[in-house]
Amino acid sequence: MPTNYDVHEYDVLVIGAGGAGMRAAIESAQKGMHTALVCKSLLGKAHTVMAEGGMAAALGNVEKKDNWKVHFVDTMFGGKFLNQWRMAQLHAQESPDRARELESWGAVFDRTDDGQILQRNFGGHAYPRLAHVGDRTGLELIRTLQERVVASGRHPHTAEKEIKVHMECTIYRLLKTDGRVSGAVGYWRETGKPIVFRAKSVVLATGGLGKCYRVTSNSWEGTGDGHALAYMAGAELIDMEFIQFHPTGMVWPPSVRGILVTEGVRGEGGVLKNNKDERFMFGYIPELYKNQTADTPEEGEKYIKKVPGARRPPELLTRDVVARAIVREVKEGRGSPHGGAFLDIASRLPADQIKKKLPSMYHQFMALGNLDITQEPMEVGPTCHYAMGGVRVNPETQQSSVPGLFAAGEVAGGLHGSNRLGGNSLSDLVVFGRRAGLYAAEFAQKNGTLPPLDTNQLESCLQEMYAPFEKPKGENAFIVTSALQDTMEANVGIARQEEELKQALADIAGLKDRAAVLGVAGDSRFNPGWHQTISLDFLLVCSEAIAKSALERRESRGGHMRVDHLETLDEYGTFNHVVWRGEDGQMQLRREPLTAMPAELAALIEEKKNG
Ligand code: FAD
């Protein structure tokens, strides 16, 4: 084990350089804090870069009737009312300002004829609401934020930049002193050498956990690090049972199974069909959405053409509804040849329009599937896409239950309830990234000096981190990860039931034992086997939290479907599941009652329920 390590001192440490982390770092630096920004890959390569369809913000540029109240209600409906209402309110109120801010910082959004930010339709949104740049919105968001990070000035009290970026650096554990967070320990991915950060406050912005599953749209970075780091440091996780299976991932060829096909395809008029050429979604409109959904293809067509008063086609129902419909079609023998459904944009738009509106999709299918989507339908099916659950935070400040520890973006829970609306993540990143940076800076200012470094804690972290090198013949972490993904896919997937969830928990317990004695050959210089031992620890925490919460939720709601409890129950609509690490080291779970919503917000929801 290396015994010497660099120690870096900052006011605020931001872990993760996706949209949420970069926005948090910008805000923290603007408040005068010397800020570190740490990421596993290169700056600009975070998962956010993959976001395609757009960023939801009730700007009202395309439909004047849109405003924050409509966006708030849509978000609550999408989450089946388990959302933290205050987060949903802040998100709806502040996302237009964040979109305009990005524009003022140089983001080049697509434009309306009169030069405003263009907005497109997306599932669950009452009006065209997604500000977008073709189907490469995440790239533009990252590019814009990255430019500001890189352009940050010199910090007045140090010789360093206001935002100092540490790339290809993995955080392994958070450090605590006297109950509050005091920094983090990690390693350089290239050399394997340790690095220690001391900080007055820490923002987690580590993104998602899709790699718990075999079929996922997430990149290699989505291993739930921040969820697990927070949990290990004593923070709580909320709503972990709710995993979004995006209805349209590629299903063929097998090597690219799971890669996302943006909802923008359906937003631009794409329709889903089964192997009998039937547009099956008209048969799956839930009661809750009946009065907002078109009855006929003709009405759906009018909506796509933006005819006032027309209701949206059923292909634009929320993701949970569409994903389940595809699974049912496949199960009942009406699936496409490779076990999905057909998504047809070719017969809906001229080829040049498809290439203009959906350039990445055109190239993705050409390059990976040898299929021309301007001529033929795509084959699509559900893929693990997004974690609604995450670190439980204060809705205003984003602070977790551990003093000084904040979380924003996909790693934080609460905004989306049981199901996220498409486009509500990119806006989440900038709304709550800004808030996390602001309040982490405030915490650092109020709490003056750096907490002392607990060297015993640090030494034991380092010992644990390098332990696999002492067992060169021990089991390989990739084998154990693969077994974990198998059980999560088979037993905690899109359709769940009691016996299978219990099986998954038993499997996870066994895999934890195996993970405790993993071995690694070679040394610590860029050693993927060793990196995987670390990711596996994080994946196991997340998987257990998902399976445990899913077992206890004996109903179906949003991203959680129990085939043994298909109904949505009022009783389960009154609380969120919260998990945390008990004093005995075991995962604990409780029901946390929802906080009461102000009467004026409740009235908005009732109004929509009553049509
Ligand atoms: P990420 O962008 O995932 O960044 C995480 C950062 O944390 C990375 O820099 C990573 O290196 C770092 N990190 C992680 N662990 C560690 C560690 N241990 N140590 C150090 N650093 C660490 N949402 C929308 O709203 N609209 C869309 O159109 C849309 N399209 C999508 C398309 C695809 C294909 C996918 C997969 C998702 C899409 N989403 C979309 C969802 C959205 O992109 C993500 O939820 C969002 O980008 C997550 O951003 P983030 O800032 O929370 O984290």
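Bear in mind that the values here come from a model prediction, so they are computed numbers and not experimental data.
Every residue meeting the side-chain hydrogen bond (donor to acceptor under 3.5 Å, both in side chains) condition with R100, not counting sequence neighbours, appears here in chain and number order: D97. Judged as a side-chain hydrogen bond (donor to acceptor under 3.5 Å, both in side chains), and not counting sequence neighbours, the contacts of H416 are Y386, D428. Residues satisfying the ring-ring contact (aromatic ring centres under 6.0 Å, His included) criterion with H565, sequence neighbours excluded, are absent altogether. Legend: residues meeting side-chain contact (heavy atoms from CB on, under 4.5 Å) with C384, ordered by chain and number and at least two apart, are Y213, T216, I243, F245. Residues satisfying the side-chain hydrogen bond (donor to acceptor under 3.5 Å, both in side chains) test with E600, not counting sequence neighbours, are none. A search for salt bridge (Lys or Arg N to Asp or Glu O under 4.0 Å) contacts involving E459 returns nothing, not counting sequence neighbours. Partners of N67 under the side-chain hydrogen bond (donor to acceptor under 3.5 Å, both in side chains) rule, at least two apart in sequence or in another chain, do not exist in this structure. Remark: E9 engages R198, L450 in a side-chain contact (heavy atoms from CB on, under 4.5 Å) (not counting sequence neighbours). For Y127, the ring-ring contact (aromatic ring centres under 6.0 Å, His included) criterion is met by no residue, not counting sequence neighbours. Residues satisfying the ring-ring contact (aromatic ring centres under 6.0 Å, His included) criterion with H91, sequence neighbours excluded, are H71. With sequence neighbours excluded, no residue forms a ring-ring contact (aromatic ring centres under 6.0 Å, His included) with Y289.
In terms of heavy atoms, H531 sits closest to R189 at ND1-NH2, 3.2 Å. Across all non-hydrogen atoms, the minimal contact from L415 to N83 is O-ND2, 2.9 Å. Here the shortest heavy-atom pairing between L426 and G54 reads CD1-O, 3.5 Å. Taking both residues in full, the closest heavy atoms of A233 and K176 are given as O-NZ, 2.8 Å, listed atom of the first, atom of the second, then distance. Between W68 and L601, the closest heavy-atom pair is CH2-CD2, 3.9 Å. Taking each heavy atom of L204 and G226 in turn, the nearest pair found is CD1-O, 3.6 Å.
Contact annotation: the side chain of L43 approaches that of Q146 to within less than 4.5 Å [non-hydrogen atoms, C-beta and beyond]. Side-chain contact check for M587 versus R581: every heavy-atom pair is 4.5 Å or farther apart. The side-chain heavy atoms of E162 and H34, taken from C-beta on, include no pair separated by under 4.5 Å. Side-chain atoms of V578 and M240, non-hydrogen and from C-beta on, never get closer than 4.5 Å to each other. Side-chain contact check for D66 versus L59: every heavy-atom pair is 4.5 Å or farther apart.
For Y10 and H166, the ring centers sit closer than 6.0 Å to each other.
Atom CG of N610 is surrounded by more than 12 heavy atoms from other residues, nucleotides or ligands within 6.0 Å. Other residues, nucleotides and ligands place more than 12 heavy atoms under 6.0 Å from the NZ atom of K161. Atom CD of E607 has 12 or fewer neighbouring heavy atoms from other residues, nucleotides or ligands inside a 6.0 Å radius.
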Trace of the salt bridge (charged side-chain N to carboxylate O under 4.0 Å, His left out) decision for K512 with E544: CA-CA 10 Å; K512 277 184 356 191; E544 184 178 356; 2.7 Å; yes
Begin from the C-alpha positions of Q398 and V391 and carry the test side chain to side chain contact (heavy atoms under 4.5 Å, CB included) through to its verdict. CA-CA 9 Å; Q398 300 292 110; V391 181; over 6 Å; no
The test is side chain to side chain contact (heavy atoms under 4.5 Å, CB included); show your working for R591 and H577 and say whether it passes. CA-CA 5 Å; R591 292 178 171 190; H577 277 142; 4.2 Å; yes
Test side chain to side chain contact (heavy atoms under 4.5 Å, CB included) on M465 and I534 and set out the steps. CA-CA 8 Å; M465 187 161 85; I534 287 158; 4.1 Å; yes
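The only member of H560, M561, E555 that meets side chain to side chain contact (heavy atoms under 4.5 Å, CB included) when paired with R557 is E555.
Not one N or O on the side chain of K200 forms a donor-acceptor pair closer than 3.5 Å with the backbone of P451. Checking side-chain atoms of S104 against main-chain N and O of E101 turns up a donor-acceptor pair under 3.5 Å.
Screening residues 71-80 for salt bridge (Lys or Arg N to Asp or Glu O under 4.0 Å), with sequence neighbours left out, gives D74-R129, D74-K608, K80-D320.
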